[in-house]
Number of protein chains: 2
Amino acid sequence: MKRPTIADIARRAGVSKGAVSYALNGQPGVSEATRQRIVAIAQEIGFNPNSAARALSGASARAVGLTLCRPARILGIEPWFMGLISGFEAELSARSYALTLQVVATPELEVEVYRRWWGERRIDGVIVTDLRENDIRIPVLQQLQLPAVVIGGPGETGDIAQIWSDDAGAITEAVRYLVALGHRRIARVSGLPGLLHTQTRTRAFNDICDSLGLEAVTIPSDYTGEEGSRATRRLLIDTARPTAIIYDNDVMAVAGLAVAQEMGLAVPGDLSIVAWDDSPLCSLVHPPLTALTRDIAEYGAHAARELLASIDGKQVTNVEAGTAHLTPRGSTAPPR
Amino acid sequence: MKRPTIADIARRAGVSKGAVSYALNGQPGVSEATRQRIVAIAQEIGFNPNSAARALSGASARAVGLTLCRPARILGIEPWFMGLISGFEAELSARSYALTLQVVATPELEVEVYRRWWGERRIDGVIVTDLRENDIRIPVLQQLQLPAVVIGGPGETGDIAQIWSDDAGAITEAVRYLVALGHRRIARVSGLPGLLHTQTRTRAFNDICDSLGLEAVTIPSDYTGEEGSRATRRLLIDTARPTAIIYDNDVMAVAGLAVAQEMGLAVPGDLSIVAWDDSPLCSLVHPPLTALTRDIAEYGAHAARELLASIDGKQVTNVEAGTAHLTPRGSTAPPR
DNA sequence: AGAATTTACTGAACCGGGTAAGTTGTGGTG
DNA sequence: CACCACAACTTACCCGGTTCAGTAAATTCT
């Protein structure tokens, strides 16, 4: 089936292509009567402007890109990413921007994808997640002058805007809460050590523990359930085992809960558990997990809004998008 | 920064635009020496063909579309979709096709998005999930002659290929297994009743129960943890409460497990639980859940392959992509 | 009434690739 | 040597919108 073009509309309306273009885009240059006639014809024959032709004439691609550089199997279980994506979608679809997604294996490939997408004019901007120390993507984005927003930070991103939340404040709150309950041996199972926000959290965790005179034990992990289980086992077989563990994501926290129960420890009696980033998963398990809650979808929506503003040429500055707050549930209690 | 075009390459190589186009696309019409010179220049200045211009000249958009018509909050926790998406990506990125994603609220909007994407020549084909009875998307796809592959079925899709797995066989296996363990009162918490595969499963569940002389109780739900909990509670307060429950997804199964434990029932002693679609979630909880396992990512990859074949103009037929098989874990045992 | 301005258009160039058709230059053949 | 075949290009137009310069008619101003 041949897809109709503005030339078809022009022929049927007895006007020129240019007039049709003006009419359909709400530009001045056509009378109201003609505009309505043209719009009616467009409706009738089911016209949709060819985005390729439009993009070719200098207009935008009306799409933003997102690359994810994590093993696919993590994506399947990490509520974080789908939460973010939902948030992006909410904002993007409202302005009929599409989200173009690509899972890649390494940061180098990520850079490749950025270059290609931008060169091909497939996207108008990108959302960058999982900021690393000396992230190789930042200089490339600056060189390409590709509109971008970084989720996470604060870090070195030059003039690229960042959306971040106060991770240091959140973890401090969690530690204070556990200490108030009477815990003295608090451990932490962290996410990928290469990521900047992991480092921020680790630093803040060390700081608060130091200032309270506690020993700060952090076992680095990778957000997977398997690694979360392993780290938990390592912590719990220790003679001086912790009475509370803070996990950097919900998946590891749930895995840790299972390990504790397997080993015959009562949660929260023998071990308290705090998960970073709340998700339905945390309230589904038994006991439900105390978590550091933030509105991930809103976080994503915020990032999308900033990116769209940046694409529109507005100057965008770093924004803090709400601190995570503690949601106490059944997995935390004073130690026995 | 100005992005380079073939005209820039042509100027630097001292040839015409046409020659550059032939050279870069491996077409005959240029000498090997010239071709290499042109390719070298393209490399050097970081040339990427503008996808819009390419698409305008009749080439493909090198992108496929996926719309998801489910509440955003479900996407966040359903491992199924991210598993599928990982599978798509694996196949698509290998052929440098992009995946364009849009979350929509209703099937009507979904149809709108198909029309728009296809009209705008933004995509070359779509992957359709969550097939319904008399699905309104099917006639539209046929009318538009938009290449498509349906995940799920078998159902009425005319000449649009389907990728499906033998749900009836899988649920029969699960029921047989539970009966072999000694269960006589087996209930089921299903997914959205409007979806075709829910109906297939319900029919098969009724059939096998009938043939074994068991009463078939199915409570319809919507894949969310909340509804899963509610359905489980309804089943467990019954005087003739079931000794085993089969859930249509992992999220509801985990929620059900939590409800049982809350009510003081031992799993698997007082209640056995089977989840449909395995995921790391199932092995994370305690006890780990017996599940109907299938390789979701491979399922998605399969669908992507078929769609790409269909875009290439090949005739694609319905394919069965492996039956789910039972993975017994700690949540099933003979009833006490 | 005549000049100046505004309105409502038309026509053509343009975006950046793809490609059919035409133009060279070279070598081989009868 | 004339003729042909073929490689190696160039030229020119296409795709489907956007946009700018131009133009004729209608309206406003003086």
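Here is how names work: the chains are called A, B, and so on, in the same order as the sequence lines, proteins then strands, and each is numbered from 1. Keep in mind the model is a prediction, meaning the values are calculated, not measured.
- B/R62 places its CZ atom 16 Å from the P atom of C/dG17, with the value rounded to the nearest Å.
- Note on residues 38-59 of chain A: pairs passing salt bridge (Lys or Arg N to Asp or Glu O under 4.0 Å), not counting sequence neighbours, are A/R12-A/E44.
- Side-chain polar atoms of A/T100 and A/R122 form no donor-acceptor pair below 3.5 angstrom.
- Between B/I9 and B/I45, the closest heavy-atom pair is CG1-CD1, 3.8 Å.
- For the residue pair A/W118 and B/R3, the shortest heavy atom distance occurs at O-NH1, 2.5 Å.
- Every residue two or more places apart in sequence or in another chain that forms a side-chain contact (heavy atoms from CB on, under 4.5 Å) with B/V316 is listed here: B/A161, B/E306, B/A309, B/S310.
- Rounded to 10°, the angle separating the first-five-pair axis and the last-five-pair axis of the helix from C/dA1-D/dT30 to C/dG30-D/dC1 equals 50°.
- At a threshold of 4.5 Å between non-hydrogen side-chain atoms, the residues B/T67 and B/L109 do not count as touching.
- B/E298 pairs by the salt bridge (charged side-chain N to carboxylate O under 4.0 Å, His left out) definition with B/R305, not counting sequence neighbours.
- For residues 27-37 of chain A, the set of pairs meeting the salt bridge (Lys or Arg N to Asp or Glu O under 4.0 Å) definition, not counting sequence neighbours, comprises A/E32-A/R35.
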What string of B, S and - do you get for nucleotides 7-19 of chain D, 5' to 3', when a contact is any protein heavy atom under 4.0 Å? -SBBB---BBBBB
